[in-house]
Amino acid sequence: MNASFRRTLAAVIAVLSISVAGAAHAQNAAIVNGKAIPKSRVDEFVAALTQQGRPDTPELRTAVRDELIAREIFVQEAERKGLTRNAEVARQLDQTRQDILIRAVIRDHLKTNPVTDADVKAEYDKLTKTAAGGDKEYRARHILVESEAEAKSIIDQLKKGAKFEELAKKSKDPGSAANGGDLDWNGPDTFVKPFSEAMVRLQKGQTTDMPVKTDFGYHVIRLDDVRDQAPPPLEQVGPQIKQELERRRIQTLQTDLKAKARIQ
């Protein structure tokens with residue numbers, strides 16, 4: 001092999017080496033003591049941060065790269081010192097490994113057995129049907145005054161034909177006074193106990209015969225209407241229903257796997 005050929009071969013090898021090294025660096029964000037940090041890891045971290053509202057900038061990517069390098073340096077130092085053989089460290093690593101694998105199994109199961117919009121709607125319909133005829137909502141009016149004597153006077157005036165809405169203008173409750181004492185639709189637990197107990201005993205259209213005392217003063221209450229409590233809209237409770245259905249699927253998976261397992 002003459003000298004000219006050897007020089008040519010060396011040049012070719014050098015070019016190939018440069019090309020291979022360039023390709024490796026193109027795929028990696030950094031190489032720390034021979035251990036590569038893939039660019040894909042930087043991309044994953046940046047993607048997670050941009051989902052939180054951070055802009056994807058060169059500065060952010062540099063900061064993520066620096067963080068990954070720092071983490072790799074610490075990991076390598078822990079391995080150099082043999083800390084992975086420490087009993088507590090090994091236990092924590094095993095626990096983390098289990099957590100990751102369990103989440104992976106759950107994600108895979110829910111991916112192959114997804115909770116559909118139809119499933120959520122069917123469960124919503126079942127829940128609302130079961131709840132029908134249960135909790136009630138009451139539409140009441142009240143007049144709030146300082147003394148029992150004032151309240152008794154109002155009751156006497158109502159019995160003589162005075163209009164509740166007119167007398168309500170004297171109420172200490174400014175929020176309802178302007179609306180004829182109307183409190184709109186509410187469940188009994190919206191009100192203090194003496195008020196709610198008196199209200200639920202009334203028939204539609206009936207007014208309390210005696211003043212109702214609370215910490216706010218003395219009330220004269222009229223019940224205008226009663227209805228079954230309206231269920232919350234599907235759009236509002238859909239996410240919780242889906243979460244519950246997914247929990248049931250996971251519970252069923254756990255039960256099935258336990259039944260198949262050999263446990264001694």
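Numbers for residues simply follow the sequence, beginning at 1.
Cluster annotation: V200 and V212 are assigned to the same hydrophobic cluster (Ile/Leu/Val/Met/Phe/Trp/Tyr, side-chain heavy-atom contacts under 4.5 Å, transitive). I250 and L245 fall into different hydrophobic clusters, defined by Ile, Leu, Val, Met, Phe, Trp and Tyr side-chain heavy atoms under 4.5 Å apart, directly or through other members. Linking ILVMFWY residues whenever their side-chain heavy atoms come closer than 4.5 Å, directly or via other members, places V237 and L127 in the same cluster. With hydrophobic clusters built from ILVMFWY side chains whose heavy atoms lie under 4.5 angstrom apart, I106 does not share a cluster with L257. No continuous path of ILVMFWY side-chain contacts below 4.5 Å connects L158 to L202, so the two sit in separate hydrophobic clusters.
With sequence neighbours excluded, the residues satisfying side chain to side chain contact (heavy atoms under 4.5 Å, CB included) with R91 are E88. Taking K81 as the reference, E77, L83 meet the side chain to side chain contact (heavy atoms under 4.5 Å, CB included) condition, with sequence neighbours excluded. Remark: R61 pairs with D43, D56 by the salt bridge (Lys or Arg N to Asp or Glu O under 4.0 Å) rule, at least two apart or across chains.
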Inset, instruction - Might you work through the side chain to side chain contact (heavy atoms under 4.5 Å, CB included) test for R222 and Q206, ending with a clear yes or no? - result: CA-CA 6 Å; R222 187 180 84 191; Q206 187 179 5; over 6 Å; no
Inset, instruction - Mind running salt bridge (Lys or Arg N to Asp or Glu O under 4.0 Å) on K121 and D125 for me, showing each step along the way? - result: CA-CA 6 Å; K121 179 64 165 59; D125 290 343; 2.9 Å; yes
Inset, instruction - Would you sort out whether Q27 and K39 count as a side chain to side chain contact (heavy atoms under 4.5 Å, CB included), showing the intermediate values? - result: CA-CA 6 Å; Q27 295 175 0; K39 285 183 66 176; over 6 Å; no
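The 12-atom threshold is not exceeded at CD of Q243, counting heavy atoms of other residues, nucleotides or ligands nearer than 6.0 Å. The environment of CZ in R97 is sparse: at most 12 heavy-atom neighbours from other residues, nucleotides or ligands sit within 6.0 Å. By the neighbour-count criterion of 12 heavy atoms within 6.0 Å, atom CZ of R54 is sparsely surrounded, having that number or fewer from other residues, nucleotides or ligands.
No donor-acceptor pair closer than 3.5 Å links the side chain of S153 to the backbone N or O of A149. Side chain of Q251 to main chain of R248: no donor-acceptor pair is present (N/O by atom type, distance under 3.5 Å, no hydrogens or angles). A donor-acceptor contact shorter than 3.5 Å links the side chain of T208 to the backbone of I221. Here the side chain of N86 pairs a donor or acceptor atom with the backbone of V89 at under 3.5 angstrom. One N or O on the side chain of N113 and one on the backbone of H109 form a donor-acceptor pair closer than 3.5 Å.
A 4.5 Å side-chain heavy-atom check between V220 and L144 finds every atom pair outside the cut-off. At a threshold of 4.5 Å between non-hydrogen side-chain atoms, the residues R249 and L110 count as touching. The shortest side-chain heavy-atom distance between T190 and Y138 does not fall under the 4.5 Å cut-off. Taking 4.5 Å as the limit, every side-chain heavy atom of E150 sits out of range of all side-chain heavy atoms of Y218. Side-chain contact check for K242 versus P239: every heavy-atom pair is 4.5 Å or farther apart.
Between G180 and F164 the shortest heavy-atom distance is O-CD2, 3.9 Å. Closest approach of L167 and A162 over heavy atoms only: CD1-CB, 3.8 Å.
In this structure, the separation between NZ on K152 and CG on D209 is 12.0 Å, given to the nearest 0.5 Å. Residue I154 holds its CD1 atom at 13.5 Å from NZ of K159, rounded to the nearest 0.5 Å. Between the CD atom in Q157 and the CD1 atom in I143 there is a gap of 8.5 Å [rounded to 0.5 Å]. Taking CG of N186 as the reference point, atom NZ of K136 lies at 16.0 Å (rounded to 0.5 Å). The distance from the CZ atom of F195 to the CG atom of L183 is 5.0 Å, given to the nearest 0.5 Å. Considering CZ of R141 and CG of L223, their distance stands at 11.0 Å, rounded to 0.5 Å.
The closest side-chain donor-acceptor pair between E44 and S40, if any, does not fall under 3.5 angstrom. Side chain to side chain, D119 and T116 meet the donor-acceptor criterion of an N or O pair below 3.5 Å. Side-chain atoms of T62 and E59 include no donor-acceptor pair closer than 3.5 Å. No hydrogens or angles considered: nothing links the side chains of E244 and Q240 as a donor-acceptor pair under 3.5 Å.
For residues 252-264, the set of pairs meeting the side-chain hydrogen bond (donor to acceptor under 3.5 Å, both in side chains) definition, not counting sequence neighbours, is empty. Listed by first then second residue, pairs satisfying side-chain hydrogen bond (donor to acceptor under 3.5 Å, both in side chains) with a partner in residues 167-183 read R139-D182, H142-D173, H142-S176, E146-K172, E166-K169, D173-S176, not counting sequence neighbours.
The existence of a salt bridge linking K213 and E148 is excluded, since no basic side-chain nitrogen approaches an acidic carboxylate oxygen closer than 4.0 Å.
Residue F45 is found in a hydrophobic cluster whose other members, listed by chain and number, are V32, I37, V42, V46, L49, L60, V64, L68, I69, I73; membership requires side-chain heavy atoms under 4.5 Å apart, directly or through intermediates.
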